[in-house]
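Structure, as structure tokens:
Residue numbers start from 1 in every chain, and the chains themselves are labelled A, B, ... in the order their sequence lines are given, proteins ahead of strands.
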Amino acid sequence: MSIDDARVAELRNLDPNDVTADAADAILADLSELLGQANSAYHTDDAPLIDDASYDALKRLNMAVEAAFPNKKREDSPTDQVGAPVSETFSKVTHAVRMLSLSNAFADEEVVEFVDGVRRFLNIAADAPLSFTAEPKIDGLSLSLRYENGQLIQAATRGDGAVGENVTANAKTIADIPHTLNAAPDVLEVRGEVYMSEADFLALNKRQEEAGAKTFANPRNAAAGSLRQLDPKITASRPLRFFAYAWGELSAPLATHQSKAIARLQELGFQTNDLTKVCETPEEMIAHYTDIMLKRADLGYDIDGVVYKVDDLALQRRLGFRSTTPRWAIAHKFPAELAWTRLVAIDIQVGRTGALSPVARLAPITVGGVVVSNATLHNEDYIAGVGGDGHPIREGRDLRVGDLVQVYRAGDVIPKIKDVDLSKRPDDAAPYVFPDVCPECGSHAIREAGDAVRRCTGGLICPAQAVERLKHFVSRGAFDIDGLGAKQIEMFYQDEVLPIKEPADIFTLQARNAASLAKLQNRDGFGETSVKNLMQAIEDKRTIPLGKLLFGLGIRHVGESASNLLANHYGSWQALTAAMDKSEVGTGEAWDDLLNVDGVGAVMATSLIEAFQNDAERASIDRLAAELTVLDAEVRDTSDSPVAGKTVVFTGTLEKMTRAEAKSRAEALGAKVSGSVSAKTDFLVAGPGAGSKAKKAADLGVETIDEDAWLALIGEA
DNA sequence: GTGCCTCGAGTTCC
DNA sequence: CTCGAGGCAC
């Protein structure tokens, strides 16, 4: 059996938005045939005709075209075929402007602090006017709608903020979302919240129940589940709504002020929230918050707080962003929902660094629309009811197994224990004794002075630590090996024939499997294809960038960001290991060189050196390195670099990168980065909030440029 | 020395 | 998402 590969490739590269009504018939007919062939090949033979990515692409194209031209949908539409494997993912969309989250305030004082902080940053006197918008924070999921020349061309979820999922076909089924705009900027990304009203949620659940389908825990989950349907027809049948409250990329400004921009979005045909108000003082903001809280039950949709934004957009630009949040906005959250339940047991988990983390096992209880049965207890002080300074935080109310405890979900996510009802404590409840040996390996568990956590000293001997380190090794950000997740790691660690006890074992798996009589393929969950795929995924990562290797090692205090800084500093695995070999903690040239890396201090340096100089650990690292091809950190040719040999100083807030990142990039281009301005300084790169350094630079006649000009200079605008 | 600001590490549930 | 702690600017 064969398939028309050329037509597959052609359709794969087709943008659904380019499909005209005239072309739709032929395309849907071809898709029906191709997907039908691919399906039957997949199910009846074991040899797929087309690769998964192509299959998913065709499937998505089919859905998109059907959504655009519902009347052209075929009787034999592949969308309706039962049992057809459906892609688990949407295609990815990189946001032109990152979708950030907001920092939170819980108490009124934090709102006052926020306003004070904004004034301080902008250098605005306490009595000078400064306005904020205040609007309800809808409890739904955020969506970014991209319009070009007035046409909706793409809808994307937030994802991790940088990359979201393409849900265009689904978003088009939402009545509140216009498909075309009049008199809009050529490029306009409208951002807002998709949500479901309480009435619609209840009705939907009733329908689901009658149909024997699963019901949703709350309107937010219902909205999220509905938007992420692979079949837009299902989304269309769900009563989703949309409030617009922000924007991303723009070819022309919407207005001068936040409040006016929102009004403009309303004129363009979007729903905006009518409880949005411009406030002049923190008192007014808090009064509006209280007002909204009182109205909360009657709104008909879920909200979880109030968002305040600096109204003047020019000021927003000056304030800029921290790494993940804007400085010009904050979410004032409503108090979390609370629930009482019984503390059934306290278990200890051992993490990759040996940290002993107590976890509360709870009698299942619904909190904030979700059934919770575990809660974090942080560390031993938390159970004892004392803070890090030894002072009581719950007046000595030590938690005991059997206690009635009050649970809430911090940030509406992580279950935590807020309080204990001592009057309901069983007579036989004994104080919890935190173990001083590791429950997994029996090694001593010690608490270093000033440290909040107790750690297992077993190191690599401890199976829990070894497994957690392996999980870290294969995790995203490190080696990221497809098909080798937490579950598989647990299994392979226990495996007697083909065990994986340390990272190097992953890369010898193929050879050992080939030599083994009891091959992988004979086990549960492993067929010929999955073994082949796993081996291929492992081979794909045998060549690895230096930074990822270093991060994968899981050395304490050396995270993703520090790993990349170190990779850039040393350049190659040889240089790194050579430096580690000759380093001495606390002294010497190699130590000084290490501490000179911006972002590396004594604690991290010590941890790094100790890991590389510990015999057992180093042997394990060397066994791993022997299996790998390590890619050097990208060293650019600095000979024609515009900043080679120049001395640069950064000051103020950098918006496009962290200071450490800026420094390492500048150094990669051959520049010298200094901490203070002097006559030798060639450039001062000044962000918002620059202070004394900018003045000094002006006095000395040093050229001062902003971040964008700097990026342009180094060719990364 | 103090006070940000980030990063690292640990955690839950869908 | 949160807490603690490391690192750095002032």
Side-chain angles (χ1 to χ4, degrees), chain A residues 101-104 106 113 117 120-121 141 160 214 216-218 220-225 228 321-325 327 331 333 336 347-362 364 366-379 381-382 387-389 393 407-417 448 450-453 455 464-465 468-469 471-472 475 477 486 551 554-565 595-608 649-654 657-661 663 675-676 689-693:
Chain A
S101 49
L102 297 179
S103 42
N104 294 321
F106 294 94
E113 275 167 30
R120 217 178 314 131
F121 195 96
L141 62 156
D160 65 2
K214 84 170 177 61
F216 295 97
N218 52 52
R220 207 203 84 83
N221 283 1
R228 295 188 76 262
F321 301 89
R322 282 181 289 259
S323 65
T324 58
T325 57
R327 282 199 190 79
K333 304 294 279 283
D347 287 350
I348 300 286
Q349 294 180 352
V350 182
R352 115 180 117 83
T353 62
L356 267 48
S357 305
V359 179
R361 307 295 178 195
L362 306 168
T366 302
V367 196
V370 174
V371 178
V372 163
S373 45
N374 301 309
T376 176
L377 291 171
H378 292 298
N379 53 53
D381 285 346
Y382 191 89
D389 54 4
I393 52 174
V407 181
Y408 70 106
R409 297 205 303 150
D412 281 333
V413 181
I414 312 286
K416 294 181 120 189
I417 290 177
E448 278 170 42
D451 210 348
V453 296
R455 285 176 204 278
Q465 284 191 55
E468 293 305 316
R469 283 173 69 153
K471 285 183 192 168
H472 170 80
S475 70
F551 178 54
I555 297 164
R556 184 136 92 99
H557 298 130
V558 184
E560 193 169 13
S561 138
S563 295
N564 287 322
L565 292 174
L595 281 229
N596 233 355
V597 182
D598 204 342
V600 177
V603 174
M604 195 189 293
T606 305
S607 177
L608 192 66
V649 177
F650 293 98
T651 187
T653 312
L654 301 179
M657 60 181 80
T658 66
R659 185 167 293 259
E661 210 183 334
K663 182 173 178 188
S676 56
S692 61
K693 281 186 201 168

At under 4.0 Å, does any side-chain N or O of [X] touch on OP1 or OP2 of [N]?
{"X": "Arg352(A)", "N": "dA9(B)", "result": "yes"}
{"X": "Asn374(A)", "N": "dT11(B)", "result": "no"}
{"X": "Lys416(A)", "N": "dT11(B)", "result": "no"}
{"X": "Thr376(A)", "N": "dT12(B)", "result": "no"}
{"X": "Gln349(A)", "N": "dG10(B)", "result": "no"}

Categorize [X] for me: base, sugar-phosphate, or nothing, with a 4.0 angstrom heavy-atom threshold over every strand shown.
{"X": "Ala217(A)", "result": "nothing"}
{"X": "Ala602(A)", "result": "sugar-phosphate"}
{"X": "Val453(A)", "result": "nothing"}

Interatomic distance, [X] [atom1] vs [N] [atom2] [rounded to whole Å]:
{"X": "Leu377(A)", "N": "dT11(B)", "atom1": "CG", "atom2": "C1'", "result": "11 Å"}
{"X": "Leu356(A)", "N": "dG10(B)", "atom1": "CG", "atom2": "P", "result": "11 Å"}
{"X": "Phe551(A)", "N": "dC7(B)", "atom1": "CZ", "atom2": "C1'", "result": "11 Å"}
{"X": "Met604(A)", "N": "dG4(C)", "atom1": "CE", "atom2": "P", "result": "19 Å"}
{"X": "Asn379(A)", "N": "dG10(B)", "atom1": "CG", "atom2": "C1'", "result": "11 Å"}
{"X": "Leu595(A)", "N": "dG6(C)", "atom1": "CG", "atom2": "C1'", "result": "13 Å"}
{"X": "Arg455(A)", "N": "dG8(B)", "atom1": "CZ", "atom2": "C1'", "result": "10 Å"}
{"X": "Leu565(A)", "N": "dC8(C)", "atom1": "CG", "atom2": "C1'", "result": "14 Å"}

Can any side-chain N or O of [X] pair as donor or acceptor with the backbone N or O of [Y] at less than 3.5 Å?
{"X": "His557(A)", "Y": "Leu608(A)", "value": "no"}
{"X": "Arg352(A)", "Y": "Gly554(A)", "value": "yes"}
{"X": "Ser607(A)", "Y": "Met604(A)", "value": "no"}

Only counting residues at least two apart or in another chain, list the ones meeting side-chain contact (heavy atoms from CB on, under 4.5 Å) with Val359(A). Gln349(A), Arg361(A), Asn374(A)
Check side-chain contact (heavy atoms from CB on, under 4.5 Å) between Ala464(A) and all other residues, then give those that pass, not counting sequence neighbours.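 In terms of side-chain contact (heavy atoms from CB on, under 4.5 Å), with neighbours along the sequence ignored, Ala464(A) is linked to Val350(A), Glu440(A), Cys462(A).
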Closest nucleotide of DNA chain B for Ser373(A) versus for Ala355(A): which of these residues is on the 5' side? Ala355(A)
Note: for Asn221(A) and Ala562(A) on DNA chain B, the residue whose nearest nucleotide lies more 5' is Ala562(A)
Where the side chain of [X] is concerned, which of [options] is the nearest nucleotide?
{"X": "His378(A)", "options": "dG7(C), dC7(B), dC3(C)", "result": "dC3(C)"}
{"X": "Ser561(A)", "options": "dG8(B), dT12(B), dA9(B)", "result": "dG8(B)"}
{"X": "His557(A)", "options": "dG6(C), dC13(B), dG10(B)", "result": "dG6(C)"}
{"X": "Ser357(A)", "options": "dT11(B), dA9(B), dG6(C)", "result": "dT11(B)"}

For the CZ atom of Arg556(A) and the OG1 atom of Thr353(A), what is their distance to the nearest 0.5 Å?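 Spacing of CZ (Arg556(A)) from OG1 (Thr353(A)) equals 6.0 Å.
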